Novice: 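Structure incoming, see below.
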Amino acid sequence: MNTTRRMIFRSILLLPILMTVCFIGCGDDDNGAGPEEADYTTELRAGWRSFSDQNWNVALEHFLLAIELNDQEMEAYSGAGWTEYKLGNGSAAEAYWEDGYIVGLTASDDLNNIRAGLGLYEFDNEDYSTAVNWFEELIENNPSYTFEHFEGFDAADIIWGLCESYYLLSNYESSLDWVQRLNPVFTADIATAQGRLDLAQEIERLYVVVGG
């Protein structure tokens, strides 16, 4: 339930960084316009297209150019953050997400992809209280959340993160509440050591069900 579990949760999103090598310099001409044609929307779309293809370095180039072209749009910051996260650069990802969050708040944008990213970053860094804040804010805003640019990551993964985070904070009651969002028939007497063990085992099982 500690280091191993955190590494497993991280694997929901972090794919082998070696994938990057296979794509550097490949197919870039198909992903965006040349410099003379560059505009924010074109670069943003090219960035997400490369991101979906797991072509992280090319995606980052497009997102950074989009920010250069228009630094008052949230989506490119979100894309740059997610790409840096995929590349294993958590601090850089956090910085882009925080900038995007500020820009998006001003424009009343959909910030849930940024909330998800910031929650994962804090989870990775074992700041479970802050992770909980981001995850709960996301679910409150969109209970049916889906990360549209990466298949298989959605509200169920976020809820699993809440189950695990609350458990690691020794807040077994809240952990159980969120577990029951994923499995309504599960019960455990969390006042007892056996009940807490049962809860831990159910969280382990749900990881597999949700996306292990």
Side-chain angles (χ1 to χ4, degrees), residues 6-107 109-125 127 130-131 134-135 138 142 145-154 157-158 161 211:
R6 290 192 292 273
M7 291 176 65
I8 290 173
F9 186 42
R10 191 177 301 123
S11 73
I12 294 173
L13 289 180
L14 285 176
L15 295 178
I17 293 174
L18 290 176
M19 292 290 293
T20 303
V21 178
C22 299
F23 291 101
I24 294 176
C26 299
D28 192 22
D29 291 340
D30 295 330
N31 286 326
E36 71 279 6
E37 304 172 2
D39 65 78
Y40 175 83
T41 300
T42 298
E43 294 302 324
L44 180 66
R45 290 175 177 170
W48 283 124
R49 194 157 54 245
S50 295
F51 183 92
S52 296
D53 291 339
Q54 303 170 23
N55 193 348
W56 314 128
N57 282 354
V58 174
L60 185 59
E61 291 176 6
H62 286 299
F63 289 132
L64 294 183
L65 181 53
I67 292 171
E68 183 178 337
L69 290 165
N70 186 347
D71 63 3
Q72 296 304 306
E73 292 287 343
M74 173 274 299
E75 188 70 14
Y77 291 101
S78 176
W82 276 104
T83 307
E84 289 283 21
Y85 187 79
K86 290 289 193 175
L87 288 167
N89 303 324
S91 296
E94 180 190 32
Y96 284 122
W97 283 328
E98 288 180 342
D99 288 345
Y101 192 82
I102 292 170
V103 170
L105 277 179
T106 302
D109 290 330
D110 182 349
L111 296 168
N112 287 324
N113 287 340
I114 288 179
R115 291 184 178 106
L118 286 168
L120 286 170
Y121 174 78
E122 300 298 350
F123 186 98
D124 289 347
N125 285 280
D127 185 350
T130 305
W134 286 117
F135 289 154
L138 188 162
N142 185 1
Y145 170 76
T146 297
F147 185 49
E148 64 273 25
H149 302 292
F150 200 83
E151 185 178 357
F153 185 71
D154 55 27
D157 296 292
I158 299 300

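In this text, all values refer to a predicted model and were calculated from it rather than measured experimentally. FYI, the numbering just counts along the sequence from 1.
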Novice: With Tyr145, which residues qualify under ring pair (Phe, Tyr, Trp, His ring centres under 6.0 Å), at least two apart?
Specialist: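 Applying ring pair (Phe, Tyr, Trp, His ring centres under 6.0 Å) to Tyr145 gives none.
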Novice: The test is side-chain contact (heavy atoms from CB on, under 4.5 Å); show your working for Glu148 and Asn113 and say whether it passes.
Specialist: CA-CA 9 Å; Glu148 64 273 25; Asn113 287 340; 3.6 Å; yes
Novice: At their closest point, which heavy atom of Ala131 faces which heavy atom of Gly119, and how far apart are they?
Specialist: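 Taking every non-hydrogen atom into account, CB-O, 3.5 Å.
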Novice: Could you tell me whether the side chains of Asp39 and Thr42 share a donor-acceptor contact shorter than 3.5 Å?
Specialist: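 Yes.
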Novice: Evaluate side-chain contact (heavy atoms from CB on, under 4.5 Å) for Gln72 paired with Tyr40, printing each intermediate quantity in order.
Specialist: CA-CA 11 Å; Gln72 296 304 306; Tyr40 175 83; over 6 Å; no
Novice: Indicate yes or no: at least one non-hydrogen side-chain atom of Tyr77 is less than 4.5 angstrom from one of Asp71.
Specialist: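 They are in side-chain contact.
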Novice: Applying side-chain hydrogen bond (donor to acceptor under 3.5 Å, both in side chains), name anything that partners Thr130, two or more places apart in sequence or on another chain.
Specialist: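 Counting only residues at least two positions away or on another chain, Thr130 forms a side-chain hydrogen bond (donor to acceptor under 3.5 Å, both in side chains) with Asp127.
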Novice: Apply ring pair (Phe, Tyr, Trp, His ring centres under 6.0 Å) to Phe63 and list each qualifying residue two or more places apart in sequence or on a separate chain.
Specialist: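 Here the qualifying residues are Trp48.
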Novice: Measure the spacing between CG of Asn125 and CG of Leu120 and express it to the nearest 0.5 Å.
Specialist: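 Nearest 0.5 Å value for the CG-CG distance: 11.0 Å.
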Novice: Got a sec, which pairs hit side chain to side chain donor-acceptor pair (under 3.5 Å) with one end in residues 114-123, sequence neighbours left out?
Specialist: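 For residues 114-123: Glu94-Tyr121, Asn112-Arg115, Arg115-Glu137.
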Novice: Do other residues, nucleotides or ligands put more than 12 heavy atoms under 6.0 Å from the CD atom of Glu68?
Specialist: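 Atom CD in Glu68 is not crowded, with 12 or fewer foreign heavy atoms closer than 6.0 Å.
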Novice: Measure the spacing between OG of Ser50 and CZ of Arg45 and express it to the nearest 0.5 Å.
Specialist: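 Going from OG on Ser50 over to CZ on Arg45, the span is 14.5 Å.
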Novice: How far apart are the closest heavy atoms of Asp157 and Gly152, and which atoms are they?
Specialist: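 Scanning both residues, the minimum pair turns out to be OD2-O, 3.2 Å.
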Novice: Going by the rule side chain to side chain contact (heavy atoms under 4.5 Å, CB included), which residues pair with Ile102 if we only count those two or more places apart in sequence or in a different chain?
Specialist: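 For Ile102, no residue satisfies side chain to side chain contact (heavy atoms under 4.5 Å, CB included) once neighbours in sequence are set aside.
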Novice: Can you name the side chain to side chain contact (heavy atoms under 4.5 Å, CB included) partners of Ala92, sequence neighbours left out?
Specialist: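 Side chain to side chain contact (heavy atoms under 4.5 Å, CB included) list for Ala92, sorted by chain: Glu84, Asn89.
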Novice: Quick check: do Phe123 and Leu118 have side-chain heavy atoms less than 4.5 Å from each other?
Specialist: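 Counting from C-beta outward, Phe123 and Leu118 never come under 4.5 Å.
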Novice: What heavy-atom pair brings Trp97 and Ile114 nearest, and what distance separates the two atoms?
Specialist: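 Looking at all heavy atoms of both residues, the closest pair is O-CG2, 3.5 Å.
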Novice: Mind checking whether Phe147 and Trp82 have ring centres under 6.0 Å apart?
Specialist: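 When the ring centroids of Phe147 and Trp82 are compared, they turn out to be within the sub-6.0 Å range.
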Novice: Rounded to the nearest 0.5 Å, what separation is found between the CD atom of Glu75 and the NE2 atom of His149?
Specialist: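 These two atoms lie 5.0 Å from each other.
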Novice: Using 30° and 60° as the class limits, which term best fits the ring planes of Trp134 and Tyr101: parallel, tilted or perpendicular?
Specialist: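 Ring orientation of Trp134 relative to Tyr101: perpendicular.
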Novice: Can you find a heavy atom in the side chain of Leu111 that is under 4.5 Å from one in the side chain of Met74?
Specialist: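 Yes. Closest side-chain heavy atoms under 4.5 Å.
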Novice: About how many Å separate CG of Asn70 and CG of Leu44, when rounded to the nearest 0.5 Å?
Specialist: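 Between Leu44 CG and Asn70 CG, I get 10.0 Å after rounding to 0.5 Å.
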Novice: Can you find a heavy atom in the side chain of Leu87 that is under 4.5 Å from one in the side chain of Asn57?
Specialist: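 Yes, close enough: below the 4.5 Å cut-off.
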Novice: Which one of Leu60, Val58, Leu65 satisfies the side-chain contact (heavy atoms from CB on, under 4.5 Å) criterion with His62?
Specialist: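 When side-chain contact (heavy atoms from CB on, under 4.5 Å) is applied between His62 and each of Leu60, Val58, Leu65, only Val58 qualifies.
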Novice: Please find the pair of heavy atoms, one from Ala59 and one from Phe51, that lie closest to each other, and give the distance.
Specialist: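 Nearest heavy atoms, Ala59 then Phe51: CB-N, 3.7 Å.
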